[in-house]
Colleague: 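The structure that follows is given in the form of structure tokens.
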Amino acid sequence: QVQLVESGGGSVQAGGSLRLSCEASGYTFDAYCMAWFRQIPGKEREGVAYFDADDTTYYADSVKGRFIISTDNYENTLYLQMNSLKAEDTAMYYCARSQRPAVACYRRRARSDYGYWGQGTQVTVSS
């Protein structure tokens, strides 16, 4: 079955960096679109970075220029490099896989387009 396991979260000072990893298993990794979402308690889960199976990337305005999403298809791993972190980046970060495979998953950015989720990894940025 599909499994997504995140790691790499932690506590960091504002201006610092972290790299999140998401190890995927149970399916053909590069046949689906992937994304990173984040959630603060009491708020909706929001998408921050997307990696389509045709290597197209998309970023939320709040992280554009600071975060980089990438994949390693040999290791079946999704990454999120987070630089210049701000206190408002504090959240639980989730790795997600699209419901549908390529090409149907391309340019899909809604939470409902992603049906498989990891357990989350906490990122805390102190100012």
Side-chain angles (χ1 to χ4, degrees):
Q1 71 277 22
V2 175
Q3 284 195 312
L4 302 171
V5 180
E6 300 100 333
S7 61
S11 296
V12 65
Q13 296 264 343
S17 298
L18 282 174
R19 188 174 83 153
L20 306 183
S21 300
C22 171
E23 293 186 32
S25 61
Y27 68 98
T28 303
F29 181 69
D30 59 0
Y32 289 81
C33 300
M34 299 292 292
W36 287 97
F37 285 72
R38 67 186 181 189
Q39 189 169 22
I40 301 167
K43 291 200 169 183
E44 291 286 318
R45 192 172 294 187
E46 63 169 358
V48 296
Y50 300 81
F51 194 102
D52 289 349
D54 63 350
D55 292 353
T56 299
T57 58
Y58 175 85
Y59 299 92
D61 287 344
S62 58
V63 307
K64 202 173 293 183
R66 300 188 297 122
F67 289 12
I68 300 170
I69 189 171
S70 64
T71 64
D72 183 332
N73 291 337
Y74 293 101
E75 298 293 334
N76 290 349
T77 301
L78 176 75
Y79 298 101
L80 185 67
Q81 178 67 44
M82 304 187 296
N83 301 319
S84 302
L85 282 161
K86 305 175 181 179
E88 51 264 43
D89 295 318
T90 295
M92 184 72 80
Y93 283 73
Y94 297 91
C95 165
R97 197 208 82 174
S98 60
Q99 295 265 33
R100 294 186 281 180
V103 170
C105 63
Y106 292 174
R107 323 301 179 249
R108 299 281 184 175
R109 308 299 177 213
R111 178 180 172 178
S112 59
D113 293 317
Y114 292 81
Y116 296 89
W117 300 86
Q119 81 287 353
T121 185
Q122 177 68 37
V123 171
T124 302
V125 184
S126 55
S127 56

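FYI, the numbering just counts along the sequence from 1. These values consider heavy atoms only, across backbone and side chains, with no hydrogens, waters or symmetry-generated copies.
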Colleague: Compile the donor-acceptor pairs under 3.5 Å between side chains in residues 94-104 and protein atoms, sequence neighbours left out, one pair per line.
Modeller:
residue : atom : partner : partner atom : Å
Ser98   : OG   : Cys33   : N            : 3.1
Ser98   : OG   : Cys33   : O            : 3.3
Ser98   : OG   : Arg100  : O            : 2.7

Colleague: Report the hydrophobic cluster partners of Ile40, with the cluster defined as I, L, V, M, F, W, Y residues connected by side-chain heavy atoms closer than 4.5 angstrom, directly or transitively.
Modeller: none
Colleague: Measure the spacing between CD of Glu88 and OG of Ser62 and express it to the nearest 0.5 Å.
Modeller: 9.0 Å
Colleague: On a heavy-atom basis, which atom in Ser21 and which in Thr77 lie closest, and how many Å separate them?
Modeller: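 Looks like CB-CG2, 4.2 Å.
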Colleague: Rounded to the nearest 0.5 Å, how far apart are CD of Gln13 and OG of Ser127?
Modeller: 8.5 Å
Colleague: Under 3.5 Å, is there a donor-acceptor pair between the side chain of Glu6 and the main chain of Gln119?
Modeller: yes
Colleague: At what distance, to the nearest 0.5 angstrom, does CG of Leu78 lie from CZ of Phe29?
Modeller: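 Output value for this atom pair is 5.5 Å.
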Colleague: Apply side chain to side chain donor-acceptor pair (under 3.5 Å) to Gln3 and list each qualifying residue two or more places apart in sequence or on a separate chain.
Modeller: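 So Gln3 forms no side chain to side chain donor-acceptor pair (under 3.5 Å) with any residue.
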Colleague: Transitively linked via ILVMFWY side-chain contacts under 4.5 Å: Trp36 with Tyr58?
Modeller: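 Result: no, two separate clusters.
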Colleague: Taking a hydrophobic cluster as the set of Ile, Leu, Val, Met, Phe, Trp and Tyr residues connected by side-chain heavy atoms closer than 4.5 Å, whether directly or through intermediates, do Tyr93 and Val12 fall within one such cluster?
Modeller: yes
Colleague: Taking ring pair (Phe, Tyr, Trp, His ring centres under 6.0 Å) as the test, write out the residues that go with Phe37, two or more places apart.
Modeller: Tyr50, Tyr114, Trp117
Colleague: Name all residues meeting the side chain to side chain donor-acceptor pair (under 3.5 Å) criterion together with Arg111; count only those two or more places apart in sequence or in a different chain, and write none if there are none.
Modeller: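 In terms of side chain to side chain donor-acceptor pair (under 3.5 Å), with neighbours along the sequence ignored, Arg111 is linked to no residue.
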Colleague: Taking side chain as C-beta onward, heavy atoms only, is Val63 less than 4.5 Å from Arg38?
Modeller: yes
Colleague: I need the full list of side-chain hydrogen bond (donor to acceptor under 3.5 Å, both in side chains) pairs touching residues 64-74, with sequence neighbours left out, sorted by first then second residue.
Modeller: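 Qualifying pairs: Asp61-Lys64, Arg66-Asp89.
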Colleague: Give, for atom OG1 of Thr57 and atom CZ of Phe67, the distance between the pair rounded to the nearest 0.5 Å.
Modeller: 14.0 Å
Colleague: Ignoring hydrogens, what is the shortest heavy-atom contact between Gln39 and Lys43? Give both atom names and the distance.
Modeller: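 Looking at all heavy atoms of both residues, the closest pair is NE2-O, 3.0 Å.
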Colleague: Going by the rule ring pair (Phe, Tyr, Trp, His ring centres under 6.0 Å), which residues pair with Tyr106 if we only count those two or more places apart in sequence or in a different chain?
Modeller: none
Colleague: Ser17: what forms a side-chain contact (heavy atoms from CB on, under 4.5 Å) with it, not counting sequence neighbours?
Modeller: Gln81, Asn83
Colleague: Which heavy atom in Ala49 sits nearest to a heavy atom in Leu80, and how many Å separate them?
Modeller: CB-CD1, 3.9 Å
Colleague: Identify, with sequence neighbours excluded, every residue that meets side chain to side chain donor-acceptor pair (under 3.5 Å) alongside Asn76.
Modeller: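 If we apply the side chain to side chain donor-acceptor pair (under 3.5 Å) test to Asn76, skipping adjacent residues, there are no hits.
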Colleague: Rounded to the nearest 0.5 Å, what's the gap from OG on Ser7 to CD on Glu23? Could you check?
Modeller: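 With rounding to 0.5 Å, OG (Ser7) is 6.0 Å from CD (Glu23).
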Colleague: Answer with yes or no whether the hydrophobic clustering places Tyr27 together with Phe51; edges join I, L, V, M, F, W, Y residues whose side-chain heavy atoms lie under 4.5 Å apart.
Modeller: yes
Colleague: The criterion is side chain to side chain donor-acceptor pair (under 3.5 Å); which residues satisfy it with Arg19, sequence neighbours excluded?
Modeller: none
Colleague: Could you work out, with salt bridge (charged side-chain N to carboxylate O under 4.0 Å, His left out) as the rule, every residue matching Asp54, not counting sequence neighbours?
Modeller: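 Arg107.
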Colleague: Which other residues belong to the hydrophobic cluster containing Tyr79, where Ile, Leu, Val, Met, Phe, Trp and Tyr are joined when side-chain heavy atoms lie under 4.5 Å apart, directly or via other members?
Modeller: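 None; Tyr79 is a cluster of one.
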Colleague: Where the side chain of Thr90 meets the backbone of Val125, is there a donor-acceptor pair that is under 3.5 Å apart?
Modeller: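 Pair found, side chain donor or acceptor close to backbone of Val125.
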Colleague: Which heavy atom of Tyr59 sits nearest to which heavy atom of Ile68, and what is that distance?
Modeller: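 It is OH-CA, 3.3 Å.
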